[in-house]
2 protein chains.
Amino acid sequence: MARDDAPERTTHADKVYTLLFGQLMNGTFDPGAALNIPTLSREFEVSQTPIREALARLEHTGLVHREALRGYFVAPLFSEVELDKLMEARLVLEPALALEAGRRVTPEFLAKLLVPIDDLLRLSESQVVRSFREYWSADEEFHTLIAKQSANPFLEGAYRSLGGQVQRFRLFVKLGSADARFAAAEHRKIYDAFVARAPEAAADLMRHHIESARLRALSDRKTILANE
Amino acid sequence: MARDDAPERTTHADKVYTLLFGQLMNGTFDPGAALNIPTLSREFEVSQTPIREALARLEHTGLVHREALRGYFVAPLFSEVELDKLMEARLVLEPALALEAGRRVTPEFLAKLLVPIDDLLRLSESQVVRSFREYWSADEEFHTLIAKQSANPFLEGAYRSLGGQVQRFRLFVKLGSADARFAAAEHRKIYDAFVARAPEAAADLMRHHIESARLRALSDRKTILANE
DNA sequence: CATTTGGATACTGTATCCAATTTGAGGCGG
DNA sequence: CCGCCTCAAATTGGATACAGTATCCAAATG
């Protein structure tokens, strides 16, 4: 007997949270759009209570913001200044994460890290430009794996609290395939520093990678604005 | 005119959030204690819905944690390892905050910063040891003001996400009045660097301050454990 | 006879739904 | 242009379903 009778091991609030999180990361909603609770309630076919709880939990990801007595909204687009501030914050956190991760390199870590690096390279080499989502998914995976390997829950949490914002930025800046090639090469260099068990070098390369990404983002942004 | 006619400018959920946050920061609850919703509902004389929302929002402060299908709990005490990781994270963030704040020094900032410095010094010089809360309140004010002055919402947010944890640590480590004197002196040096418009020096002094605080915390902790 | 063990029962608390109230925003007429 | 009205949405209160836990009672065992 004892059938697999654990189909409902999670709560509705958790499921709504996960679904909404995915949709927000994928850019399903327009920036600034209202997330009104009755509508979502019908959409997900649950009552308003779990929706409300999921939204409250999503607020700290930065993907959603709340105005008292007015409701929840998708986070608005970045301004140039915000983008700069975000990169400044990443510039503080990510080299520190890379440094700690570099002190704890394991073969499993290296193996897992290789996957998003190869993905990014392969995508950037293919002639057909698929969805930007695939690029960014590989990029996110790379940075998230390093954050995890840092073995510091507080630093990782601080980075995670930036994670949603980083994603906002990713949706905002359309990555070109030339950019992806640069990024793939920089990822690879960081990887090599990990292999060489050189944490300080990894941290420096990460710093350089973020600075480059910042410059690419700024120039891309200008291009986009010029085209519109 | 425009009287202060904002008596009910906030929702119940906001008020509950603020109250609970204050109580958690003050150590009103025991670490690990269950925060059950019906009880809090009676206590605050509101229904369960705003309680639930406030708890969901409190989760990201680190003062409260949630276990699926089991409810919300006050964050447990620190282990030695966690304390170390926390200080490592502060060591990454706070010098960066001090650096940015140092680039944006204003007379108002300096004036506001002087208050918690003087408070801490006065408290540490008085013979009568009052509640530790007053020490930590001054300490928190000092660090929070600098975080705000950094003018980077993302870095500030990352620090704030550590803030609750820092407070957990503060409640855990009982500050001696000798420690308070050291801290006051270090705060003062950082202040002087701000006055001298030397951001890099401020960042270095902040790094040193956190490292010292870490050492003091570790030795204090050992003393406490030895006494019990 | 004392102790232990099995199982039913009461109770507590989470998760959820739904209904009632309050608030904010936009349209309409003065 | 300004105030009133209407409607949609947020907010809140309370009721219900459900699960897990603790408690109690009695039968079985040494």
Side-chain angles (χ1 to χ4, degrees), chain A residues 1-21 23-24 29-61 63-76, chain B residues 1-21 23-24 28-60 63-76:
Chain A
M1 311 307 170
R3 235 195 340 195
D4 188 10
D5 50 32
E8 302 294 340
R9 212 56 231 142
T10 74
T11 68
H12 286 182
D14 285 332
K15 280 183 278 191
V16 171
Y17 179 94
T18 306
L19 277 166
L20 271 179
F21 184 79
Q23 295 192 351
L24 288 163
F29 303 106
D30 289 333
L35 292 168
N36 73 71
I37 295 174
T39 303
L40 291 172
S41 171
R42 282 189 296 276
E43 199 126 344
F44 289 112
E45 292 178 309
V46 297
S47 85
Q48 304 186 356
T49 311
I51 302 281
R52 174 172 288 278
E53 186 173 338
L55 287 172
R57 295 221 295 266
L58 276 168
E59 200 184 352
H60 84 273
T61 65
L63 293 167
V64 154
H65 87 281
R66 185 181 87 93
E67 280 176 57
L69 298 176
R70 291 192 24 83
Y72 290 91
F73 302 86
V74 180
Chain B
M1 307 307 169
R3 223 187 1 180
D4 188 9
D5 51 29
E8 299 296 337
R9 210 61 229 136
T10 75
T11 67
H12 284 183
D14 285 332
K15 279 183 278 192
V16 171
Y17 179 94
T18 307
L19 276 167
L20 270 179
F21 184 80
Q23 296 191 352
L24 287 163
T28 303
F29 303 106
D30 290 333
L35 292 168
N36 73 72
I37 294 173
T39 304
L40 291 171
S41 171
R42 282 189 295 276
E43 199 127 343
F44 289 114
E45 292 178 311
V46 297
S47 83
Q48 305 187 356
T49 312
I51 303 279
R52 176 169 286 277
E53 186 171 341
L55 287 172
R57 295 220 294 266
L58 275 169
E59 201 184 351
H60 84 274
L63 292 167
V64 153
H65 86 282
R66 171 179 164 275
E67 278 176 59
L69 299 173
R70 294 199 20 88
Y72 290 91
F73 302 85
V74 180

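We name chains A, B, ... by the order of the sequence lines, and we start the count at 1 in each one. Here the structure is a predicted model, which is why all the values come from computation and not from measurement.
If you take CD on A:Gln23 and CG on A:Leu63, they are separated by 12.0 Å, rounding to the nearest 0.5 Å.
If you take CG of A:Leu69 and P of D:dA10, they are 11 Å apart, rounded to a whole angstrom. Between the CD atom of A:Glu45 and the C1' atom of C:dC18 there is a distance of 17 Å, given to the nearest Å. The distance between atom CG of B:Asp14 and atom P of D:dA10, rounded to the nearest whole Å, is 15 Å. Rounded to whole angstrom, the span from the CG atom of B:Leu40 across to the P atom of C:dT14 amounts to 9 Å. Distance OH (B:Tyr72) to P (C:dG13): 16 Å, rounded to an integer number of Å. In this entry the distance linking CD of B:Gln48 with C1' of C:dC17 reads 13 Å, nearest Å. In this entry the distance linking CD of A:Glu67 with P of D:dT11 reads 11 Å, nearest Å. Taking atom CZ of B:Arg42 as the reference point, atom P of D:dT12 lies 19 Å away to the nearest angstrom.
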Side chain to side chain contact (heavy atoms under 4.5 Å, CB included) between A:Val64 and A:Phe29, worked out: CA-CA 11 Å; A:Val64 154; A:Phe29 303 106; over 6 Å; no
Side chain to side chain contact (heavy atoms under 4.5 Å, CB included) evaluation trace for B:Asp30 with B:Val74: CA-CA 7 Å; B:Asp30 290 333; B:Val74 180; over 6 Å; no
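Toward the 5' end of DNA chain D, the nearer of the two residues B:Glu53 and A:Thr39, judged by each one's closest nucleotide, is A:Thr39. Residue whose closest nucleotide on DNA chain C sits further toward the 5' end, between A:Thr49 and A:Arg70: A:Thr49.
Here the side chain of A:Ser41 pairs no donor or acceptor atom with the backbone of A:Ile37 at under 3.5 angstrom.
The side chain of A:Arg52 contributes no N or O atom lying less than 4.0 Å from OP1 or OP2 of D:dA10. A sub-4.0 Å separation between OP1 or OP2 of D:dG13 and a side-chain N or O of B:Ser47 is present. Dashed line: the shortest gap from a side-chain N or O of B:His12 to OP1 or OP2 of C:dT22 is not under 4.0 Å.
Residue B:Pro50 is classed as a sugar-phosphate contact, given heavy-atom separations below 4.0 Å to backbone atoms only. Residue-level contact check: B:Leu35 touches the backbone only, with heavy atoms under 4.0 Å from sugar-phosphate atoms and none from bases. Across all strands, B:Ala13 comes closer than 4.0 Å only to sugar-phosphate atoms, never to a base (heavy-atom distances).
Counting heavy atoms of neighbouring residues, nucleotides and ligands inside a 6.0 Å radius, atom CD of B:Glu45 does not exceed 12 of them.
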